[in-house]
Structure formats: structure tokens, C-alpha cells
Amino acid sequence: MKRPQIIDRSLDQHFMREALALAAEGAQLGEVPVGAVLVQGGEIIGRGFNCPISTADPSAHAEMVAIRAAAQAVGNYRLPGSTLYVTLEPCSMCAGLIVHARINRVVYGAVEPKAGVAMSRGEFFSQGFLNHRVLIEGGVLAEECGAVLSAFFKARRGAR
């Protein structure tokens with residue numbers, strides 16, 4: 001029988017703040033401010049922020065960037081036992097990558113009512129056809145994560 005995972009809320013908030021700092025970096029470059037960190041064994045092994053505009057890469061979501069960096073850092077495309085912290089609920093593209101990378105847990109901040117697939121637009125991670133189960137925790141520092149996005153889009157609308 002599998003042991004239940006012990007979850008430390010203060011650690012979740014700590015790593016989400018790291019992801020928020022990365023989101024701010026992306027915003028400085030004119031990217032939608034979403035940040036992500038991948039943690040394994042209590043250490044950050046991958047960091048990323050949205051950068052599809054600056055890289056001309058539609059797949060360069062924060063989660064993708066962080067997971068790619070982590071895989072390179074550990075020399076393996078599988079990242080078992082890891083937790084991904086992301087400031088916004090993952091989309092379908094990122095959800096697929098999370099499963100393929102065998103990430104154990106995803107902790108996200110704000111919900112994404114238009115394209116989030118952890119809970120907003122369906123519960124992708126609970127689909128029976130998946131060959132890997134991912135634990136999902138939403139709402140960690142949700143207000144802070146949402147406020148960063150709201151401020152970014154408000155400023156963008158004001159600039160028009």
C-alpha cells in the first residue's frame with residue numbers, strides 16, 4: 001500500500017513565492033506573468049516563466065520551460081517524486097507534459113477559467129486512460145497569483 005504524502009503548506013507557499021518571482025521576470029519582458037519551479041528532494045531543479053513571445057515558441061509556457069530545465073539538470077526525461085509549483089492552473093499542453101514527465105504533484109495558484117484543465121475546463125489528471133497519476137493542489141497563494149495577472153492585463157489594456 002502506498003504511503004500518503006505529507007504536505008507542508010509553508011513549503012508550498014515558499015516555492016509558490018519563487019514561482020511568483022519568476023512570473024515578475026516574465027512580465028518585465030512583456031510576457032504573460034506565469035512562473036513555475038520544479039522541486040525534487042526539497043531543492044529547485046528547474047525554473048521557468050512564460051516566454052512564447054520573446055522566444056517565438058508557442059510551447060514556451062512556464063511549466064514547459066521549468067520541466068525542460070529540470071530534465072536537463074538531472075539528465076532524465078522522467079522526474080518522479082517531483083512537485084511542480086505554477087502560478088496559474090495548467091493548460092492541456094502542459095498537463096500532457098506533466099504526465100509524460102511523471103511529475104508526482106502539481107501545486108498551482110490562480111485558476112484559469114478559460115483554459116485550465118486541472119479543474120476549470122475538466123479534470124484532465126483524473127482521466128482513466130492516463131498511465132500516471134498526478135496529485136493536484138490548487139489555490140496556493142491564489143489571490144497573489146491572480147493579482148499579478150490582473151495587474152498585467154489591466155496595464156496592457158491601459159497602454160492601448
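All heavy atoms count here, side chains included; hydrogens, waters and symmetry mates do not.
Interatomic distance, OH of Tyr85 versus CG of Leu22, reported as 14.5 Å (0.5 Å rounding). Taken to the nearest 0.5 Å, the CZ atom of Arg133 stands 8.5 Å off from the CD atom of Gln127. Taking OH of Tyr108 as the reference point, atom CD of Glu63 lies at 12.0 Å (rounded to 0.5 Å). Taken from CG in Leu88 to NE2 in His61, the straight-line distance is 10.0 Å, to the nearest 0.5 Å. Here the CD1-CE distance, from Ile98 to Met64, works out to 9.0 Å after rounding to the nearest 0.5 Å. Here Thr83 contributes atom OG1 and Ile44 contributes atom CD1; the two are 11.5 Å apart, rounded to the nearest 0.5 Å.
Using a 4.5 Å heavy-atom cutoff, the side chains of Ile136 and Met119 are not in contact. Contact check for Arg102 versus Asn131: side-chain heavy atoms found under the 4.5 Å cut-off. Contact annotation: the side chain of Val148 approaches that of Leu20 to within less than 4.5 Å [non-hydrogen atoms, C-beta and beyond]. Side-chain contact between Glu144 and Arg17: present, with at least one pair of heavy atoms (C-beta onward) separated by less than 4.5 Å. Using a 4.5 Å heavy-atom cutoff, the side chains of Leu29 and Phe49 are in contact.
When the side chains of ILVMFWY residues are joined at heavy-atom separations under 4.5 Å, either directly or via intervening members, Phe152 and Val111 end up in a single hydrophobic cluster. In the hydrophobic clustering of ILVMFWY residues, with side-chain heavy atoms under 4.5 Å counting as a link, Val32 and Leu141 come out apart. Placement of Val117 and Val140 in two distinct hydrophobic clusters is found when ILVMFWY residues are connected by side-chain heavy-atom separations under 4.5 Å, directly or transitively. Follow the hydrophobic side-chain contacts under 4.5 Å out from Tyr77 and you never reach Ile103; the two are in separate clusters. Clustering ILVMFWY residues whenever any of their side-chain heavy atoms sit less than 4.5 angstrom apart, transitively, puts Leu130 in the very cluster that holds Leu97.
Side-chain atoms of His100 never come within 3.5 Å of backbone atoms of Arg78 as a donor-acceptor pair (strictly under, hydrogens ignored). A donor-acceptor distance shorter than 3.5 angstrom exists from the side chain of Glu89 to the backbone of Ala118, with no hydrogens or angles considered. Panel note: side chain Arg121, backbone Pro113; a donor-acceptor pair is recorded below 3.5 Å.
Atom CE of Met93 has more than 12 heavy atoms from other residues, nucleotides or ligands within 6.0 Å.
Across Ile67, Leu79, Val107, a single residue satisfies side-chain contact (heavy atoms from CB on, under 4.5 Å) together with Leu84, and that is Ile67.
Pro58 approaches Pro52 most closely through the heavy-atom pair CA-CB, 4.2 Å. The heavy-atom pair separating Val106 from Pro90 by the smallest distance is CG1-CG, 4.1 Å. Among all heavy-atom pairs drawn from Cys51 and Val65, the shortest one is SG-CG2, 3.9 Å. The nearest pair of heavy atoms linking Gly30 to Arg156 is O-NH2, 3.4 Å. Closest approach of Ala142 to Gly109, counting heavy atoms only: CB-O, 3.5 Å. Between Ala66 and Gly48, the shortest heavy-atom contact is CB-N, 3.8 Å.
Judged by distance alone, the side chains of Glu112 and Ser120 never bring a donor and an acceptor atom under 3.5 Å apart. Under 3.5 Å, the side chains of Ser59 and Arg68 contain a donor-acceptor pair of N or O atoms.
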Step-by-step side chain to side chain contact (heavy atoms under 4.5 Å, CB included) determination, Val34 to Leu149 = CA-CA 8 Å; Val34 178; Leu149 287 158; 4.2 Å; yes

inquiry  = side chain to side chain contact (heavy atoms under 4.5 Å, CB included), that's the test. Do His132 and Val134 meet it? Break it down for me.
reply    = CA-CA 7 Å; His132 174 71; Val134 179; 3.6 Å; yes

task = Would you sort out whether Asp12 and Arg105 count as a salt bridge (Lys or Arg N to Asp or Glu O under 4.0 Å), showing the intermediate values?
result = CA-CA 11 Å; Asp12 284 351; Arg105 183 170 171 247; 2.7 Å; yes

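Between Glu18 and Arg47, at least one side-chain N (NZ, or NE/NH1/NH2) sits under 4.0 Å from a carboxylate O, which counts as a salt bridge. Classification of Arg9 and Glu137 as a salt-bridged pair holds, one side-chain N sitting under 4.0 Å from a carboxylate O.
Ring pair Phe124/Phe129 is perpendicular by interplanar angle, where above 60° counts as perpendicular and below 30° as parallel.
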